[in-house]
Amino acid sequence: MVKQTIQIFARVKPTVRKQQQGIYSIDEDEKLTPSLEIILPRDLADGFVNNKRESYKFKFQRIFDQDANQETIFENIAKPVAESVLAGYNGTVFAYGQTGSGKTFTITGGAERYSDRGIIPRTLSYIFEQLQKDSSKIYTTHISYLEIYNECGYDLLDPRHEASGLEDLPKVTILEDPDQNIHLKNLSLHQAATEEEALNLLFLGDTNRMIAETPINQASTRSHCIFTIHLSCKEPGSVTVRHAKLHLVDLAGSERVAKTGVGGLLLTEAKYINLSLHYLEQVIIALSEKHRLHIPYRNSMMTSVLRDSLGGNCMTTMIATLSLEKRNIDESISTCRFAQRVALIKNEAVLNEEIDPKLMITRLQKEIQELKDELAIVTGEQRTEALTEGELLQLEKLITSFLEDRDPESRLEVGGDMRKIHHCFHHLKKLLNDKKIHGKSIVSSEIKEQDCQEPVNIKEEEYKKLRDVLQQRENEINILVNMLKKEKKKAQDALHLRSMDSSELRHSPSSPFPSGNPKCSRTLLASAPTQAQNVSTCGPRSSLLHRKTGMREEMSLGRQEAFEIFRRDHADSVTIEDNKQILKQRFSEAKALGESLNEARSKIGGLKEEITQRHMQQVALGISENIATPSMPDSLEEKLRSQLEEEKRRYKTMFMRLKALKVEIEHLQLLMDKSKVKLQKEFEAWWAEEATSLQVNSPAANSPSHMKPLPQTPETQQERSQLLSNPSEVNARKTVHSPGAILHSQEQSSTSAPLKDSIPEKPVSSIPLTGDRQTDSDILAFIKARQSILQKKCLQ
Ligand code: ADP
Ligand code: MG
């Protein structure tokens, strides 16, 4: 059992404005417990100068200032927890702080750069690396991802759902068993055998989380997310299994309602969030007070789920995220105060070992059978019917393998059936007798031979000669046997090396060798540009992302073009492009590395072949000249061996680099997929908004008759002439299949034909907004007209 208080760390988010500095200071002098001092600015508002410098000091395990990078955070905060999880203890890392203070950035990571990946991907990477190193145990890893919003739990890893809102995801409920253990009903557990699979699950959950979010329900700031790694470990042959869970928690923003000044639905949400954070606080206060018997875990879903992590069987760590700007002073102080209380809680982590019922059943079944057999012998239970032909055959086979088994400890297991036991004795007797007769015949023939030789008179000289020849032959045989042994050992070594290589390759599914995992390795070697655009086919995310991005294929051409424009002008497109470029680079690097690796491999093979040949030559030379194998090392062979070692080292370095590249590529692809889904989502929202404003702005919407043409307001007239005179619209015209009325008028524009001709037959307001090409092109044209006017206005 390990007793320890909850560890608290502080992380200060980088501030944009320089003058904000001086609002806090970090005292690192107190080596053991550094402190963070928050300095209240002098208040001049009341008209008098308040010279009293007010400040608050808070102690933390460690404080990470603005320049701390994600690697440092992982190494110092999450890695020790991951280590204890690997040792079999439960662990939790949770981030607490106001919205925008960097909780998600710390736990999950930034959405742009690979180096910005947060605690979850880094922990996954670390855990899988450690599992791979330890082959003495059998590990199983499962992942779950839960979101709690307004006191309801949602399963973020449900791949079957077309989640367009949180309510589309499966609802997770809490069940408590008689031993007061918490069970989460409907929360799916997904096995992840590799880091790649686990990452796919993380991104699937994050994508679901992003898609479920709407502007009204900014779930990410108002919900709690709990990513859990379930690890179980067992030694081969043992019936005890060790379980450990690691919760990585991104809590809702801790800001108070009064400050945010919200109302209506938001207030309800805020109440819930604040309520659950309030209950969290209550639990923490109760835990930090001595002699409190009742801890109010049951008051909220979040405290129920995290019950073990707070004041229970867990190694828990809190990260207080702080955005230390003047306007956030209150919230920062309250975050620090919360942390100070959390630091008082003592947890007692124990190893969670239990007996695996399945393994136990198998073991007990075997024991029962043995006991039954014994009982049958003791009670002398008789079976009268004769053994069948098959049973006899089976018994004889058992006897043969028993006799052939060189292990002196081996047993002949025939159970307690006396008929079988008797048959075994009979059979053995028969075999023994057969052998006796056979043995006698051999002995007699030997005697006869001796008899024949006896009369031969061997002369002393001849005898000596023969003995010399015999000696010579014996020497030769010894040399040959030694040679054979060496060859055999070498062959075994080569086999071992090969199997090591291939096992390394197996561990790395994207290794570029044909002998590695076939599916993903092919993906990695595919040409860079297409890869950069492709959604990987590995893992559960592909189906989801295909579904999410597949929307585009169903778009009308007009809408597609609008999407292209939207995408081009979107801020994220720069990120996507950047990432694409990086991906391209990484792919070509991986490709080149793959080629070099293959070269190194064949070089290693060649060198080994050369060494073997050289060795054979040396031995053969020794035999032919009748001298023992030279004890002096052969210089050429030595040289070849050192070359081989060098080549192997090079191979290993390249292999490691390729492995790291693979993880980076995978991560970048997932980031890009996520950005694409986000872009698509924002486009849909923008499109809907534009369509609505088009409806509202269109006077036809108010018109009693749907067939009535659009009135020629000066604005629309101007817009149209703008549109028609804008050469950049040519493309738009080309793509519109059925000539939308506005676009239709373009030919007449130069001849200043009456605009009446160009008025749509179908009033915009009456057209359904989705899936109709005509409507889409109308909207597109309208939007473009508006855009070009705006652009012109800006230029003026
Ligand atoms: P929260 O989850 O607490 O609401 P976020 O993690 O979403 O806050 O952070 C808000 C913004 O600040 C994001 O754009 C994020 O990228 C950025 N950010 C937060 N912490 C850091 C940091 N340490 N370094 C760089 N950017 C950060
Ligand atoms: Mg967040």
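Heads up: numbering here begins at 1 and tracks the sequence. Whatever order the structure lists them in is the order used to number ligands and atoms, beginning at 1. Every value quoted in this text rests on a predicted model; they were computed, and no experiment measured them.
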**Message:** Side chains of S101 and S323: any donor to acceptor distance under 3.5 Å?
**Reply:**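 No, no side-chain donor-acceptor pair sits under 3.5 Å.
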
N/O separation below 3.5 Å, [X] to ligand 1:
| X | value |
| --- | --- |
| K13 | yes |
| T104 | yes |
| K103 | yes |

**Enumerated ligand 1 atoms positioned under 4.0 Å from heavy atoms of R11** =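 Counting from 1, the qualifying ligand atoms are 23 (N).
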
**Request:** With heavy atoms of T99 as the reference, note each atom of ligand 1 found under 4.0 Å away.
**Result:**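 So the atoms of ligand 1 that pass are 4 (O).
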
**Asked** Measuring to the Mg ion (ligand 2), does T99 have an N/O/S atom at a distance below 2.8 Å?
**Response**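 No, outside the cut-off.
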
**Message:** Determine whether the aromatic ring centres of residues Y96 and F338 are separated by less than 6.0 angstrom.
**Reply:**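 Aromatic pair counts; centres sit under 6.0 Å.
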
**Prompt:** When the aromatic ring centroids of F683 and F563 are compared, is their separation below 6.0 Å?
**Reply:**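 Ring centroids of F683 and F563 are less than 6.0 Å from each other.
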
**Prompt:** At under 4.0 Å between heavy atoms, which part of Q98 makes contact with ligand 1: side chain, backbone, both or neither?
**Reply:**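 Under 4.0 Å from ligand 1, Q98 contributes backbone atoms alone.
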
**Message:** Heavy-atom distances under 4.0 Å decide this one: backbone, side chain, both or neither, for P14 against ligand 1?
**Reply:**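 P14 to ligand 1: side-chain contact only, backbone stays beyond 4.0 Å.
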
**Message:** Tell me whether ligand 1 is touched by S101 - counting only heavy atoms on the residue side and a distance under 4.0 Å.
**Reply:**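 Checking ligand 1 against S101, which is what was asked, there is a heavy-atom contact under 4.0 Å.
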
**Asked** If you measure from each heavy atom of G100 to ligand 1, is any distance below 4.0 Å?
**Response**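 So G100 counts as touching ligand 1.
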
**Asked** Thinking salt bridges, do D250 and R209 make one under a 4.0 Å N-O criterion?
**Response**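 So D250 pairs with R209 through a salt bridge.
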
**Message:** Is the shortest side-chain heavy-atom distance between L199 and F203 below 4.5 Å?
**Reply:**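 Yes - at least one pair of side-chain heavy atoms lies under 4.5 Å apart.
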
**Request:** Establish, yes or no, whether the cationic atom of R11 lies under 6.0 Å from the six-membered ring centre of F64 and within 45° of the ring axis.
**Result:**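 Ring-cation test returns no.
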
**Message:** Using the side chain to side chain contact (heavy atoms under 4.5 Å, CB included) criterion, which residues pair with E83? Sequence neighbours excluded.
**Reply:**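 Once residues adjacent in sequence are excluded, the partners of E83 under the side chain to side chain contact (heavy atoms under 4.5 Å, CB included) criterion are K79, Y126.
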
